[in-house]
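See structure below.
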Amino acid sequence: MQPKVLYKPHSREEVILGPEAKVDQVILGLETSCDETAAAIVLNGRKVLADVVSSQIEDHKIYGGVVPEVAARKHLESINLVINEALSQAKMNIDQITAVACTVGPGLVGALLVGVSAAKAIAFAKNIPFIGINHLKAHVCANYIETDLEPPFICLLVSGGHTQIIYVKNYREQEIIGQTRDDAAGEAYDKVARLIDFPYPGGPNLDKAALNGNIKAYELPFAKVDDFDFSFSGMKTAVLRLIQKEKVLLNKQDLAASFQEIMTEMLLQKTLQASNQFNINKIVLAGGVAANSGLRAKFLNLPDKYTVLVPPLKFCTDNAAMVASAGYFVDGCYDLDTEVFSRV
């Protein structure tokens, strides 16, 4: 694998970034793709020196979901504060940073622009490389933080907007071998949570309710899709029909548990199918839904022939440490003219 060579904006001096550099490198990561304003400082892609997250959950709760314009304004208010707090936690100044990495997409365009503008300004002012990172690749890299994980491995990436099975061949080569054909897993969770009348954020609240429910109380469909792909759109319809049929007799905890059981089983079975076909028994989880207790339990209880790694909860949801790690390990966009994007 060829070394990853970047250039300083002014001097055009070469900077070899990543494991091939053979010297310690400190990356400042910024994340503003949705409703978390985050900054982190990571040494050599694995050791977190600082990790700061400013959450907007309370700001969006009254709307029942994330409002893009509100999110962007909150990012503007918080971005400088979280950067300064990260530098303070790491006991460093900006001149000690090797490069600055930030999420360029997918995400909310207005929100992304805040983090990207800050990262470009720092890169230009301090003459250090800029690294624009794909948010999904960053989620995969969350598994490198505070671990000695090395590719190859199979990654199940599950979030509010994406569900993918990824064959990670080496640090810089990730191949999507399966994905959802309609709703993402997290999207299905949120839709069903609204139907059952759980408060925002729907997915985590449904997960909590499922802990006290009967997984066999209600029969829900197991969508059969070819290869390693998924389909979750039918789950909302099945739950809606069940609610209409049961009406006042419905047990919310049992329905949450039954839904979670079938969802996590579909995710598990497809991932094992990919693991077996590629003959790779090293499996990792990534993305916000990787924080789900039912999903984590299913994977962590797999037979000993599988090596399973699940990130700590704080690195499953959006954070800047994973962005900094991705800046070290994977390829990105290095031009200061790089634009943000909303979809893959």
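Because the structure is a prediction, the values reported are computed rather than measured.
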Indicate yes or no for a side-chain donor-acceptor contact from [X] to the backbone of [Y] under 3.5 Å, with no hydrogens or angles considered.
| X | Y | value |
| --- | --- | --- |
| Y334 | G332 | yes |
| D190 | G203 | yes |
| K137 | R172 | no |
| R46 | L149 | yes |
| K61 | Y200 | no |

Minimum heavy-atom distance between [X] and [Y], given as atom pair plus value:
| X | Y | result |
| --- | --- | --- |
| N301 | A297 | ND2-O, 2.9 Å |
| S275 | Y306 | OG-CE2, 3.6 Å |
| F315 | A142 | O-CB, 3.4 Å |
| V52 | Q89 | CG2-NE2, 3.6 Å |
| A119 | L30 | N-CD1, 3.8 Å |
| Q96 | V26 | O-CB, 4.0 Å |

For residues 337-344, please give each side-chain donor-acceptor pair under 3.5 Å, one per line with the distance, not counting sequence neighbours.
residue, atom, partner, partner atom, Å
T338, OG1, D335, O, 2.6

Taking C-beta and beyond as the side chain, do [X] and [Y] meet within less than 4.5 Å on heavy atoms?
| X | Y | result |
| --- | --- | --- |
| I131 | L17 | yes |
| P106 | N134 | yes |
| C141 | Y171 | no |
| K208 | F198 | no |
| I165 | I177 | yes |
| Y7 | E13 | no |
| M235 | L220 | yes |
| I94 | L28 | yes |

Can you list every pair that meets salt bridge (Lys or Arg N to Asp or Glu O under 4.0 Å) and has a residue in [range], with sequence neighbours left out?
| range | answer |
| --- | --- |
| residues 29-39 | none |
| residues 290-310 | E261-K298, E265-K298 |
| residues 105-118 | none |
| residues 121-130 | D95-K126 |

Nearest 0.5 Å, what's the [atom1]-[atom2] distance between [X] and [Y]?
| X | Y | atom1 | atom2 | answer |
| --- | --- | --- | --- | --- |
| D182 | D229 | CG | CG | 10.0 Å |
| D254 | I196 | CG | CD1 | 10.5 Å |
| S54 | E85 | OG | CD | 11.0 Å |
| T32 | L112 | OG1 | CG | 5.5 Å |
| F228 | Y167 | CZ | OH | 11.5 Å |
| I83 | I41 | CD1 | CD1 | 9.5 Å |

Notebook entry, point to check: Could you go step by step and tell me if I128 and V15 meet the side chain to side chain contact (heavy atoms under 4.5 Å, CB included) rule?
Noted result: CA-CA 9 Å; I128 58 176; V15 178; over 6 Å; no
same_hphob_cluster([X], [Y]) at 4.5 Å side-chain heavy-atom cutoff:
| X | Y | result |
| --- | --- | --- |
| L300 | L156 | yes |
| M322 | V116 | no |
| V109 | I133 | no |
| L267 | V310 | yes |
| V66 | V53 | no |

Checklist line | Intermediate values then yes/no, side chain to side chain contact (heavy atoms under 4.5 Å, CB included), H139 and H135 | finding: CA-CA 6 Å; H139 271 301; H135 185 72; 3.1 Å; yes
Selection [range] - residue pairs positive for side chain to side chain donor-acceptor pair (under 3.5 Å), sequence neighbours left out:
| range | value |
| --- | --- |
| residues 142-166 | none |
| residues 105-117 | none |
| residues 213-227 | none |

Item checked: Contacts of F124 that satisfy ring-ring contact (aromatic ring centres under 6.0 Å, His included) - sequence neighbours left out -> H10
Check: For L113 and H75, what are the C-alpha separation, side-chain angles and deciding distance, and is it a side chain to side chain contact (heavy atoms under 4.5 Å, CB included)?
Finding: CA-CA 10 Å; L113 283 170; H75 287 310; over 6 Å; no
Next item on the list: May I ask you to decide if the ring planes of F232 and F230 are parallel, tilted or perpendicular, using 30° and 60° as cut-offs?
Entry: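 Judged by the thresholds at 30° and 60°, the geometry between F232 and F230 is parallel.
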Notebook entry, point to check: Who passes side-chain hydrogen bond (donor to acceptor under 3.5 Å, both in side chains) against D183, sequence neighbours left out?
Noted result: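 Applying side-chain hydrogen bond (donor to acceptor under 3.5 Å, both in side chains) to D183 gives K191.
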Note to self: My understanding is that only residues two or more places apart in sequence, or in another chain, count here; which of them pass side-chain hydrogen bond (donor to acceptor under 3.5 Å, both in side chains) with E69?
What the structure shows: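 Checked E69 against side-chain hydrogen bond (donor to acceptor under 3.5 Å, both in side chains); matches are R73.
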Listing, residues 284-295 side-chain donor-acceptor contacts under 3.5 Å, not counting sequence neighbours, or none:
residue, atom, partner, partner atom, Å
N292, OD1, G294, N, 3.0
N292, OD1, L295, N, 2.9
N292, ND2, Y189, OH, 3.4
N292, ND2, Q260, OE1, 2.7
S293, OG, D207, OD1, 2.6
S293, OG, D207, OD2, 3.3

Next item on the list: Count the heavy atoms of every other residue, nucleotide or ligand shown that sit under 6.0 Å from NZ of K236, and state whether that count exceeds 12.
Entry: no
Note to self: With a sphere of 6.0 Å drawn around NZ of K270, does it hold more than 12 non-hydrogen atoms of other residues, nucleotides or ligands?
What the structure shows: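 Buried by this count: over 12 neighbours within 6.0 Å.
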Next item on the list: In sequence, state the C-alpha distance, the side-chain angles, and the governing distance for L136 and Q174, and then conclude on side chain to side chain contact (heavy atoms under 4.5 Å, CB included).
Entry: CA-CA 10 Å; L136 305 182; Q174 300 180 7; over 6 Å; no
